[in-house]
Amino acid sequence: MFDSLTIYVLVVIFLATLIRSTLGFGEALVAVPLLALRIPITVAAPLAVLVSVLVAAIIIVQDWQHVHIRSAAWLIVASLFGIPLGILLLVKVDGHIVKAILGTVIVAFSIYSLTGKTKLHLHQDHWGYLICCGFLSGVLGGAYGMNGPPLAVYGSLRRWSPQHFRATLQGYFLPASLAGLIGYLAFGVWGSAISRYFVLSLPIVVVAILLGRAINHRVKDHGFFRFVYIALMVIGGMLITQSLLP
């Protein structure tokens, strides 16, 4: 049951869930590219979304009072128009192209997070940014199971506190990820491997969620976030390199 590949998948899911529970986002940025190194992306992406549903549900139960309901609701509505396009990209586009796009998105987002010093500050919800970020989040979620980057950009522009940032993103992730799962089922992107990995990962996902919440309530050093983004740049570079190989 626990062969080397299964152990690798479970370790990746644990690390990704720990990051998600600590920061509020980012597990797909870690899980999908690392899982794609060893398993097909048509398994990696749906598995990441399935885990996302569980993580979001538990975090919302824990911290529902910190959710910006209005922002989350409009981000969800906008993402519903992007999810079908993302799933079509996953099903119809060559895997090498998918990895190249995924790697590029990760590198670009990491560079933005490390060096971006925009002075733009949205004191209240801005419909243009809200709809655009929600739609792009749906596309990326449907294609790669990684809704987070556009949401993180919007949250940073709104200057949400870490607690509101973490909780509000879960208010988006739960229904959006459920919609993504429905889309995977509709397009036949499902298999026994996804269900097997998910069931085996349940205990470590719960542990990672509890541990991440404890860290979230204590962490103050932004050096940790810099380390995460640098690591993501390395992973993204590896995926881009893979996409160029025959």
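In what follows, every heavy atom counts, from backbone to side chain, and hydrogens, waters and symmetry copies are set aside. Remember, predicted model here, so these are calculated numbers, not experimental data.
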Quick one: [atom1] on [X] to [atom2] on [Y], what's the gap to the nearest 0.5 Å?
X      : Y     : atom1 : atom2 : answer
Tyr8   : Ile13 : OH    : CD1   : 11.0 Å
Leu211 : Thr22 : CG    : OG1   : 6.5 Å
Ile83  : Ile76 : CD1   : CD1   : 9.5 Å
Phe14  : Ile19 : CZ    : CD1   : 10.5 Å
Leu85  : Leu89 : CG    : CG    : 5.0 Å

Show the nearest heavy-atom pair for residues [X] and [Y], with the distance to one decimal.
X      : Y      : result
Ser21  : Ala208 : CB-O, 3.9 Å
Val32  : Ala44  : O-CB, 4.2 Å
Tyr172 : Ala72  : N-CB, 4.1 Å
Ala16  : Glu27  : O-CB, 3.0 Å

Could you walk me through whether Val9 and Thr6 satisfy the side-chain contact (heavy atoms from CB on, under 4.5 Å) test, starting with their C-alpha distance in whole Å, then the side-chain angles of each, then the deciding distance to 0.1 Å, before giving a yes or no? CA-CA 5 Å; Val9 170; Thr6 299; 5.7 Å; no
Which is it for Phe25 and Leu151 under the side-chain contact (heavy atoms from CB on, under 4.5 Å) test, yes or no, and what are the steps along the way? CA-CA 9 Å; Phe25 77 103; Leu151 304 178; over 6 Å; no
Please name all residues satisfying ring-ring contact (aromatic ring centres under 6.0 Å, His included) with His66, sequence neighbours left out, ordered by chain then number. His164
Does Ile69 belong to the same Ile/Leu/Val/Met/Phe/Trp/Tyr cluster as Leu169, with side-chain heavy atoms less than 4.5 Å apart forming each link? no
Give a yes or no on whether Val30 and Leu23 share a hydrophobic cluster (residues Ile, Leu, Val, Met, Phe, Trp, Tyr; joining criterion: side-chain heavy atoms under 4.5 Å apart). yes
By side chain to side chain contact (heavy atoms under 4.5 Å, CB included) - contacts of [X] (at least two apart):
X      : value
Val206 : Leu210
Pro203 : none
Leu136 : Cys132, Pro150
Ile182 : none

Which residues share a side chain to side chain donor-acceptor pair (under 3.5 Å) with Tyr154, sequence neighbours left out: Asp125
Which residues pass the side chain to side chain donor-acceptor pair (under 3.5 Å) test with Ser195, not counting sequence neighbours? Trp190
Using side-chain heavy atoms (C-beta onward) and a distance below 4.5 Å, is [X] in contact with [Y]?
X      : Y      : value
Phe198 : Val205 : no
Pro33  : Ile106 : yes
Leu18  : Ile215 : yes
Val67  : Gln170 : no

Distance-only donor-acceptor hits, side chain of residues 46-62, under 3.5 Å, sequence neighbours excluded:
| unit_1 | atom_1 | unit_2 | atom_2 | d |
| --- | --- | --- | --- | --- |
| Ser52 | OG | Arg20 | NH1 | 3.2 |
| Ser52 | OG | Arg20 | NH2 | 3.4 |
| Ser52 | OG | Ser177 | OG | 3.1 |

Would you say CD of Gln124 has more than 12 non-hydrogen atoms from neighbouring residues, nucleotides or ligands within 6.0 angstrom? no
Scan for salt bridge (charged side-chain N to carboxylate O under 4.0 Å, His left out) pairs involving [range], sequence neighbours excluded, and state none if there are none.
range            : value
residues 52-66   : Asp63-Arg166, Asp63-Arg213
residues 167-182 : none
residues 44-54   : none

Keeping to residues at least two apart or across chains, list the ring-ring contact (aromatic ring centres under 6.0 Å, His included) pairs with something in residues 76-97. none
Which is it for Ile39 and Tyr197 under the side-chain contact (heavy atoms from CB on, under 4.5 Å) test, yes or no, and what are the steps along the way? CA-CA 11 Å; Ile39 62 177; Tyr197 287 135; 4.3 Å; yes
Run the side-chain contact (heavy atoms from CB on, under 4.5 Å) check on Arg38 and Leu5 step by step: do they pass? CA-CA 8 Å; Arg38 298 286 302 274; Leu5 178 58; 3.7 Å; yes
Counting distance only, does the side-chain N/O of Ser137 pair as donor-acceptor with the main-chain N or O of Cys133 below 3.5 Å? no
